[in-house]
Amino acid sequence: MTRLSSYFLPTERDPPADAEAISHKLMVRAGLIRQVGSGLWSWLPAGWRIHQRVVQIVREEMNAIGGQELLMPVLLPADPWKRTGRYGIDELFKLNDRRGADMVLALTHEEIVTGHVAAAVRSYRDLPLILYHFQVKERDEARPRAGVLRTREFIMKDAYTFDRGAEGLEAGYEKHMRAYDRMCDRIGLEWYRVEADVGVMGGIGAHEYMAPCAAGENDVVLAPGYAANVEVASADAQAVQLPGGSDAPQSVPTPGMTTIDAVATELALPEGALLKAFPVIVDEDAMKLVVVRGDHRVNEIKLRTALGQDFRAARTDEIEARLGPPGFIGPVGAEMPILLDEGVAQGSYVVGANAPDAHLRGVEPGRDFRFEPVDVREVVAGDTVGGSAVRIEPAIEVGNIFKLGTRYSDPLGARYLDESGTSQLIWMGSYGFGPARAAAAAVEQYADEHGISWPRSIAPFDIEVVTLGKEGSEERTVADRLYAELTDAGIDTLYDDRDEGPGAKFADAELLGCPLRVTVGRRTLASGEVEVQVRRGRESRTVPVEGAAEAIAELWRGLP
RNA sequence: CGGGGAGUGGCGCAGUCUGGUAGCGCACCCGGCUGGGGGCCGGGCGGUCGCAGGUUCAAAUCCUGUCUCCCCGACCA
């Protein structure tokens with residue numbers, strides 16, 4: 001029984017003053033969530049129903065691939081985190097219990113689940129395993145933002161696979177990929193599965209599930225048959241008009257011109273006819289020179305992957321000591337490894353001369369400097385993949401799947417005995433999904449100027465019945481009966497029985513965004529009908545009062 | 001972490017520059033009208049002006065400190 005007159009659904013006419021994202025504004029206005037602190041949110045009853053519906057879909061798909069649901073604590077002893085090297089992570093909340101023991105709040109549960117498996121699994125016969133739970137995650141985010149899109153505390157479904165080796169992991173990974181495809185479809189999101197960065201913690205493969213929308217924090221690169229996070233995306237660069245070559249580099253004066261723009265303008269060349277040099281330091285003090293086309297940008301994540309290690313940008317004093325004045329540096333004559341981005345085609349370029357106020361023109365990679373080819377530039381819209389131009393759009397990461405390998409089983413000693421009696425490391429994968437983000441993404445993707453428009457599968461209620469009559473009126477009687485019949489038919493129905501004007505009721509119904517709104521009012525009742533509005537598109541029709549519940553339920557079943 | 005902004009009733013805001021009885025709209029409560037797109041009239045309730053200290057006869061307003069929140073960027077195993 002959900003009657004709006006006694007339901008805790010505090011709707012607001014105005015969004016919070018400082019809200020920017022659509023989902024932030026609408027979820028607050030619709031009475032789904034309320035803020036407690038920075039990155040801390042309560043889910044009010046209607047909002048929690050949405051969250052629970054997403055959770056149930058995810059649970060069903062996890063169970064369908066043989067996942068076994070369990071529950072692990074949020075408050076954890078610090079020791080396993082010290083063993084895996086994650087105790088130093090800035091986002092990790094650290095605390096002490098009354099005896100002074102180091103404790104942490106879980107960011108995820110690799111350490112704990114691996115500990116359980118390490119303690120219990122002995123034989124290859126005990127594997128594979130898929131374990132998962134829905135549990136609160138705590139992360140001391142540098143900058144929470146946009147309602148429930150990025151919070152410090154949130155519920156995540158995290159699953160872990162335990163296998164005998166790489167092949168088993170591959171199989172578990174494939175299962176999750178199919179399960180994730182299905183759950184995203186069932187939730188009703190527009191989504192992409194994209195190739196993802198594996199991060200510095202190591203890993204051997206990862207995908208992210210991305211829901212495109214304006215409030216997204218990630219950029220995805222898309223072309224027919226291709227989807228990747230811009231952090232790892234590769235594409236063919238757009239061609240640039242290069243000047244004719246020459247036998248040898250020639251110095252040209254460029255006084256005070258320390259930017260690509262200034263030099264290109266001075267020489268009347270496109271920025272892409274220049275090469276940009278980016279000196280980096282690895283292993284404390286070894287300098288390498290990364291070179292990309294003048295109109296391209298170095299993507300630091302791709303560069304880290306290409307280097308196979310962490311790096312930092314060189315300081316000014318290091319650049320001056322080993323190359324030349326910043327703004328005039330280049331690869332010619334540089335006594336250090338040179339990494340040349342593949343976006344630089346054969347041809348003749350302008351580079352810094354490693355001397356004050358001068359550049360060199362007519363420089364040809366290979367002839368005038370030796371290099372190692374790398375792919376480190378950030379893809380931009382219009383680059384091509386397989387001949388098709390890519391587009392780049394913002395997206396929310398709602399899930400990720402990750403091949404961990406032995407990253408955790410090794411430090412935590414999760415081993416088994418194989419058929420030959422040899423001790424082997426267990427191979428692991430981890431698989432996250434954020435129901436709150438999925439809900440927010442759905443809001444972002446389907447909202448219109450009137451409010452939210454939920455996909456049928458995760459709406460807080462299937463149908464909202466609005467009666468325009470006062471207590472004791474015929475409208476009220478018919479609506480009461482319809483409400484009961486819909487509920488009996490298994491439809492989750494919200495009944496707006498408040499003594500409000502029609503405008504307020506319609507506005508609130510469209511703000512909340514249930515897929516169907518049924519209006520029982522004098523106007524249609526006169527001809528023995530009630531009005532049914534499909535929220536998405538806001539088209540209305542009427543159905544006879546006689547048999548209305550079944551007709552409405554049928555209409556509902558056909559909605560997206 | 002760098003930059004910018006904001007804390008005044010449940011929500012949205014004015015008042016601060018130039019110190020002098022804390023206001024407006026919405027919401028809420030009471031009465032009445034209205035009844036298909038946030039309707040109308042009348043009457044009400046509700047605020048230690050984020051917190052602490054200081055200046056002053058007097059502080060939302062000036063000064064110092066502090067806390068919190070938001071936005072942009074960096075970061076986000």
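The chains referred to below are lettered A, B, ... by the order of the sequence lines, with proteins before strands, and numbering in each begins at 1.
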Gap between atoms CD1 and P, on Ile89(A) and rC75(B) respectively (whole Å): 16 Å
Phe93(A) six-ring centre to Arg139(A) NZ/CZ under 6.0 Å and within 45° of normal: no
Per-nucleotide protein contact string for nucleotides 68-74 of chain B, where B marks a base within reach and S marks sugar-phosphate only (heavy atoms under 4.0 Å, - for neither): -SSBBBB
Sugar-phosphate, base or nothing in reach of Ala507(A), heavy atoms under 4.0 Å: base
Base of rG37(B) paired with side chain of Glu510(A) (donor-acceptor, under 3.5 Å): yes
Any N/O pairs under 3.5 Å between the protein and nucleotides 25-30 of chain B? List them or say none.
none

Tyr87(A) six-ring face occupied by Lys82(A) cation (under 6.0 Å, within 45°): yes
Sugar-phosphate, base or nothing in reach of Lys505(A), heavy atoms under 4.0 Å: nothing
Interatomic distance where CD belongs to Glu397(A) and C1' belongs to rA77(B) [whole Å]: 12 Å
Separation of rG38(B) P from Arg498(A) CZ (nearest whole Å): 14 Å
Sugar-phosphate only, base, or nothing, as touched by Pro10(A) at under 4.0 Å among non-hydrogen atoms: nothing
Neighbour count >12 (heavy atoms, 6.0 Å) for atom CZ, Arg522(A): no
Axial cation check for Tyr173(A) ring with Lys403(A), 6.0 Å and 45° limits: yes
Given Glu510(A), Glu539(A), Glu464(A), the one that forms salt bridge (charged side-chain N to carboxylate O under 4.0 Å, His left out) with Arg517(A): Glu510(A)
Among Met210(A), Glu231(A), Glu397(A), the one residue meeting side chain to side chain contact (heavy atoms under 4.5 Å, CB included) with Val194(A): Met210(A)
Along RNA chain B (nearest heavy atom to each residue), the more 5'-positioned of Glu12(A) and Glu141(A): Glu12(A)
Asp499(A)/Lys505(A) salt bridge by N-O under 4.0 Å criterion: no
N/O donor-acceptor pair, side chain Thr108(A) with base rA77(B), under 3.5 angstrom: yes
